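The block underneath contains the structure these notes are about, expressed in structure tokens.
Note that the coordinates shown come from a computational prediction; the quantities given were computed from them, not determined experimentally. Letters A, B, ... mirror the listed sequences (proteins, then strands); counts begin at 1.
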There are 2 protein chains.
Amino acid sequence: MRIAEPTVERLIKYHRLLISMKQGNSSVVSSRQIGDMLGIKASQVRKDLSYFGEIGKPGVGYHVERLCEHIEQILSSPKVWSVALVGVGNLGMALMGHSVFQSYKFEVKALFDVDPEKVGQNIMNIHCWHIDDIARVMKENDIEVVILAVPAVEAQTCIDKAISSNTLKGVLSFTQAPVILPKGVLFYAVDVFVELEKLLFFLKEKERNIS
Amino acid sequence: MRIAEPTVERLIKYHRLLISMKQGNSSVVSSRQIGDMLGIKASQVRKDLSYFGEIGKPGVGYHVERLCEHIEQILSSPKVWSVALVGVGNLGMALMGHSVFQSYKFEVKALFDVDPEKVGQNIMNIHCWHIDDIARVMKENDIEVVILAVPAVEAQTCIDKAISSNTLKGVLSFTQAPVILPKGVLFYAVDVFVELEKLLFFLKEKERNIS
DNA sequence: GGGTGTGAATCTGTTCACAGCT
DNA sequence: AGCTGTGAACAGATTCACACCC
């Protein structure tokens with residue numbers, strides 16, 4: 001069964017919330033409680049969770065630990081993904097330091113940059129290669145996922161080199177440049193610029209409607 | 001007229017693309033060309049652009065410069081927003097260095113942190129205050145927008161302090177913690193964790209469907 | 001031919017409302 | 001009473017298809 005993207009996104013948030021609730025005191029939680037904490041309607045929460053069979057108890061709610069495991073199973077992958085981080089500037093470093101990157105779901109196997117100060121070094125225990133070596137290193141390490149944190153102008157060049165490895169399956173991009181990829185390679189983008197502009201736009205619209 | 005969020009998001013991307021096209025050679029562009037470059041259907045592009053009257057020429061396309069100005073007008077704000085950056089760690093610094101932050105639409109008026117190494121310093125020419133001073137500094141500088149780049153556990157505390165300034169109107173959050181805000185304060189979140197998990201989830205699903 | 005603008009159709013996601021369980 | 005699970009209604013966004021223009 002196919003799960004829609006907005007649903008997956010919410011499942012991930014439920015899961016994260018449930019993990020933090022496991023340390024708490026109550027072992028049961030209702031759809032309304034979950035919804036309130038995440039700013040989601042209770043009916044939406046129930047619909048999302050009902051996709052996978054009946055796991056809540058009417059009149060009671062969901063068992064925190066059981067629900068958490070259940071979602072974990074849905075989200076879990078049969079393998080640990082090998083990942084390359086391309087671009088070890090401020091942003092790349094911030095990502096490396098981010099708790100997200102201590103995950104059992106993937107492993108950052110290699111870093112890539114062009115800065116001679118970084119190439120050849122080990123940064124946070126991971127070797128940094130020159131971007132020109134990416135195809136070879138990706139092949140040797142079976143790296144299927146690339147996290148792209150380079151300046152916009154270099155994005156396409158870097159990706160083209162990664163494509164030539166023939167092992168690339170997914171890209172998470174932090175640059176705002178549009179990137180051309182072969183069909184079949186999954187692409188997700190975190191676009192700071194767009195989010196910021198959206199915020200400012202709707203702030204403006206709101207003020208305009210008031211006055 | 002109200003413009004839907006997905007439309008705004010695309011308008012922002014069109015605008016960004018058009019700016020880079022202005023340096024190029026062709027002064028006219030078709031909906032198909034725009035769409036291909038951004039991975040959007042041509043019909044979608046036309047629908048988006050037709051919301052604001054007829055600005056394209058049948059058989060020819062859209063005049064790059066005129067279209068760019070047109071969208072700029074839609075997106076533009078009558079004022080420059082005053083912004084505070086809360087959290088000057090790796091991520092905060094990455095954001096500061098990001099080209100996005102050299103915008104004429106807003107100005108970063110103050111930084112906030114708890115690290116005694118940073119508090120009291122000027123960082124990239126902007127003064128860094130202790131987070132406890134945020135309400136006062138926000139009031140004094142009419143800061144209405146907060147960019148939140150602190151660890152998850154501190155997110156709510158920081159936001160609560162910002163709320164008490166009574167000038168807060170919008171938040172762009174980079175932490176993965178859910179944050180409680182008064183109704184009326186706009187909230188956008190960039191959630192690295194969620195994007196990464198989504199990518200891995202759909203990668204897994206894809207492999208599962210093949211085998 | 002090539003390309004826009006747009007109403008209609010379709011697809012997708014959310015919300016409602018209520019039967020049924022504890 | 002309280003809460004889940006779910007079909008049905010609704011709302012929103014995308015895509016189609018075609019009339020019309022250059």
If I take atom OH in residue B/Y62 and atom C1' in nucleotide C/dG2, what distance separates them, rounded to the nearest angstrom? 13 Å
Could you state the atom-to-atom distance from CD of A/E5 to P of C/dG13 in whole Å? 9 Å
DNA chain C contacts made by residues 33-50 of chain B, counting heavy atoms under 4.0 Å: B/R46, B/K47, B/S50
Would you say D/dC3 has OP1 or OP2 under 4.0 Å from some side-chain N or O of A/S31? no
Looking only at side-chain atoms of A/S30, point me to the closest of C/dG3, D/dT4, C/dG13. D/dT4
Non-hydrogen atoms of B/L111 and B/I123 that approach each other most closely: CD1-CB, 3.7 Å
State, with a plain yes or no, whether a side-chain heavy atom of B/I40 is found less than 4.5 Å away from one of B/Y14. yes
So what does B/T7 hit on the nucleic acid, given a heavy-atom distance under 4.0 Å: a base, only sugar-phosphate, or nothing? nothing
Can you tabulate the close N/O pairs, meaning under 3.5 Å, that link protein atoms to atoms of nucleotides 19-22 of chain D?
from	atom 1	to	atom 2	distance (Å)
D/dC22	O4'	B/P58	O	3.1

From CA spacing to verdict: salt bridge (Lys or Arg N to Asp or Glu O under 4.0 Å), A/K22, A/E65: CA-CA 6 Å; A/K22 279 208 284 195; A/E65 212 155 322; 5.5 Å; no
Quick check: closest heavy atoms across A/V185 and A/L168, and the distance to 0.1 Å? CG2-O, 3.7 Å
Between atom CD1 in A/I55 and atom P in D/dC3, what is the gap in whole Å? 17 Å
Can a side chain N or O of A/R10 be found less than 4.0 Å away from OP1 or OP2 on C/dG13? no
Exceeds 12 heavy-atom contacts within 6.0 angstrom, atom CD1 of B/I180: no
Please tell me if A/R32 has a side-chain N or O lying less than 4.0 Å from either OP1 or OP2 of D/dG2. no
Set of residues satisfying side-chain hydrogen bond (donor to acceptor under 3.5 Å, both in side chains) with respect to B/S77, sequence neighbours excluded: B/W81
Over all heavy atoms of both residues, which pair between A/G92 and A/L85 is shortest? Give the atoms and the distance, please. O-CD2, 3.7 Å
Just wondering, more than 12 heavy atoms not from A/R136 lying within 6.0 Å of its CZ? yes
Distance check needed: D/dT14 P versus B/I3 CD1, whole Å only. 14 Å
Taking only side-chain N and O atoms of B/Y51, does any of them lie within less than 4.0 angstrom of OP1 or OP2 on C/dT4? no
Between P of D/dT4 and CZ of A/F52, the distance in whole Å: 16 Å
B/Q102 atom CD, over 12 foreign heavy atoms within 6.0 Å: yes
Please work out if B/R2 contacts a base, only the sugar-phosphate, or nothing of the nucleic acid, heavy-atom cut-off 4.0 Å. nothing
